[in-house]
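Everything on this sheet refers to the single structure shown next.
All of these numbers come straight from a predicted model, not from anything done at the bench. Reminder, nothing fancy here: chain letters follow the sequence lines and each chain counts from 1.
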Protein chains: 2
Amino acid sequence: MPTSTFFNLPPPKREKLLHAAIVEFARRPYGEVSINRIIQGAEIPRGSFYQYFADKTDLFRYVLRGYDNMLETAIMKSLEACGGRPLEIPLALYDLVLDYIRENWAQFELFMGILQKNMGMDAGQLLSLPEMVLKVINQADWRGLEHLEADERLAVMDLLFSAAGHALMAVFCEKLSSEESRRRLAIKTAVIQRGARYKEEPSC
Amino acid sequence: MPTSTFFNLPPPKREKLLHAAIVEFARRPYGEVSINRIIQGAEIPRGSFYQYFADKTDLFRYVLRGYDNMLETAIMKSLEACGGRPLEIPLALYDLVLDYIRENWAQFELFMGILQKNMGMDAGQLLSLPEMVLKVINQADWRGLEHLEADERLAVMDLLFSAAGHALMAVFCEKLSSEESRRRLAIKTAVIQRGARYKEEPSC
DNA sequence: CTTGACATGTGACAACCTGTCATGTATGAT
DNA sequence: ATCATACATGACAGGTTGTCACATGTCAAG
């Protein structure tokens with residue numbers, strides 16, 4: 001947690017520091033992030049930085065927090081966009097995020113840069129995705145689906161959100177075109193919906 | 001790639017260096033790995049290290065490569081263990097890896113430590129999992145299943161392998177017990193098999 | 001043997017990094 | 001005007017990496 005001193009800072013100074021930090025985190029993997037470069041970017045002396053943040057992880061945690069709300073908003077919007085139908089949510093989320101990316105490219109490039117460069121370090125645990133998935137499950141409308149136990153709902157949404165995350169990451173890392181990545185996500189959704197069933201004797 | 005000099009090293013020396021590196025990578029996140037500690041552990045002078053490896057990433061890549069084959073073996077064994085039935089493979093893999101972990105704890109703790117501490121940095125791209133998944137798809141026996149296009153097969157196995165990976169990681173990070181993690185993986189498998197279907201008018 | 005060409009070993013070094021801390025400065029209450 | 005508290009600051013110790021000039025092996029040809 002940043003110190004109270006940081007929050008008492010005049011907003012322009014605070015934001016300048018934050019921006020310098022975001023840029024640096026987006027450009028290099030965590031281990032190579034240099035506080036020196038950050039304070040140069042923010043034009044504050046070294047000592048001041050440590051007045052505001054305990055260390056690099058403290059700053060990193062704080063930076064990521066800032067994106068958590070954004071992601072939650074996107075998820076809630078996509079829940080709405082597909083009328084609460086749970087299986088459609090991850091695809092809607094994919095579209096929404098990609099649209100957002102195109103409009104706010106600079107912003108998102110930073111965010112994805114941070115995720116890409118640091119995922120695994122801590123990012124996974126810092127973004128409170130698991131909680132968000134639970135929230136979505138509770139708010140989604142499951143009535144149109146054949147009955148699923150709570151465990152099964154969790155399983156389905158876990159699979160789909162994880163797939164959506166991979167799909168977005170693949171686009172950002174330029175491993176796949178956005179169309180191809182969307183197509184694959186759609187196939188995954190469809191397969192989960194239809195099921196990969198073992199053959200049975202005809203029963204009707 | 002390590003230099004040829006490295007490969008010309010007398011095996012004991014080479015392995016001592018490698019072991020020191022593995023231990024260090026397993027103990028700290030990539031950015032905090034200290035070449036100083038590695039060369040102290042291996043009892044070689046600093047200059048020698050740079051005669052063998054271009055830098056830290058070069059060493060890291062090489063270390064990870066060593067585990068790639070191990071993983072491939074495990075996957076192929078699990079393919080066999082479940083008689084080629086594709087949907088069972090990830091569960092079999094989960095069991096196999098967990099058994100292996102219990103028997104070769106020291107080895108695997110290192111491996112998982114490396115993955116956990118560095119995943120996202122590069123590990124995902126270094127382990128050639130995507131290729132392995134393709135191989136499994138080709139070798140599995142899809143005849144028992146209702147027809148799936150090639151794309152759909154890829155989608156299914158992608159979902160399941162990703163789920164298996166998460167399941168193992170959850171156990172290792174002690175976020176879940178091995179039983180609970182296996183249970184969730186089994187549910188995911190079952191859901192994918194059965195499908196999360198929208199209700200239809202009765203058709204028979 | 002001796003020479004020389006080449007592969008390998010070596011540690012001092014510059015240049016960078018982080019987190020601390022003693023000291024200086026502002027600000028607001030009394 | 002005094003004082004306490006909050007804040008600003010850069011020099012510093014101790015760590016890091018990658019390089020490089022030089023020392024030492026090794027091996028084939030004269």
field: Sidechain N-carboxylate O distance under 4.0 Å for B:Arg194, A:Glu146
entry: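 Looking at A:Glu146 together with B:Arg194, the answer is no, because their closest N to O distance does not fall below 4.0 Å.
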With a 3.5 Å cut-off and sequence neighbours excluded, list the donor-acceptor pairs that the side chains of residues 41-54 of chain A form with protein atoms.
residue: A:Glu43; atom: OE1; partner: A:Lys16; partner atom: NZ; Å: 2.4
residue: A:Arg46; atom: NH1; partner: A:Asn36; partner atom: OD1; Å: 2.7

Pairing residues for [X] by the salt bridge (charged side-chain N to carboxylate O under 4.0 Å, His left out) criterion, not counting sequence neighbours:
X	result
A:Asp55	none
B:Arg153	none
B:Asp151	A:Arg183

task: Could I get the full list of side-chain contact (heavy atoms from CB on, under 4.5 Å) partners for B:Pro12, not counting sequence neighbours?
output: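 Once residues adjacent in sequence are excluded, the partners of B:Pro12 under the side-chain contact (heavy atoms from CB on, under 4.5 Å) criterion are B:Pro10.
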- prompt: For B:Glu72, what residues pass the side-chain hydrogen bond (donor to acceptor under 3.5 Å, both in side chains) criterion, not counting sequence neighbours?
  reply: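 Checked B:Glu72 against side-chain hydrogen bond (donor to acceptor under 3.5 Å, both in side chains); matches are B:Lys135.
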Under 3.5 Å, which N/O atoms of the protein pair with N/O atoms of nucleotides 25-28 of chain D?
none

- prompt: Restricting to pairs with a member in residues 184-193 of chain B, which pass salt bridge (Lys or Arg N to Asp or Glu O under 4.0 Å), not counting sequence neighbours?
  reply: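 Every pair satisfying salt bridge (Lys or Arg N to Asp or Glu O under 4.0 Å) with a residue in residues 184-193 of chain B: A:Asp158-B:Lys188, B:Glu180-B:Arg184.
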query: So which of residues 4-17 of chain B are in contact with DNA chain C, with a heavy-atom cut-off of under 4.0 Å?
result: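 Contacting residues: B:Thr5, B:Asn8, B:Leu9, B:Lys13.
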Sub-3.5 Å pairs of nitrogen or oxygen atoms, protein against nucleotides 18-21 of chain D:
residue: D:dG18; atom: OP2; partner: B:Tyr50; partner atom: OH; Å: 2.5
residue: D:dG18; atom: N7; partner: B:Arg46; partner atom: NE; Å: 2.9
residue: D:dG18; atom: N7; partner: B:Arg46; partner atom: NH2; Å: 3.2
residue: D:dG18; atom: O6; partner: B:Arg46; partner atom: NE; Å: 3.0

message: Ring-plane angle category for B:Phe60 and B:Phe25, please: parallel below 30°, perpendicular beyond 60°, tilted otherwise.
response: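 Aromatic pair B:Phe60/B:Phe25 classed tilted.
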task: Five pairs at each end of the helix from C:dC1-D:dG30 to C:dT30-D:dA1: take the axis at both ends and give me the angle between them to 10°.
output: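 Answer for the end axes of this duplex: 20°.
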Output side-chain donor-acceptor pairs under 3.5 Å for residues 79-94 of chain B, partner residues at least two apart or in another chain, one line each.
residue: B:Arg85; atom: NE; partner: B:Glu88; partner atom: OE2; Å: 3.3
residue: B:Arg85; atom: NH2; partner: B:Glu88; partner atom: OE2; Å: 3.4
residue: B:Glu88; atom: OE1; partner: A:Tyr198; partner atom: OH; Å: 2.6
residue: B:Tyr94; atom: OH; partner: B:Ser178; partner atom: O; Å: 2.7
residue: B:Tyr94; atom: OH; partner: B:Arg182; partner atom: N; Å: 3.4

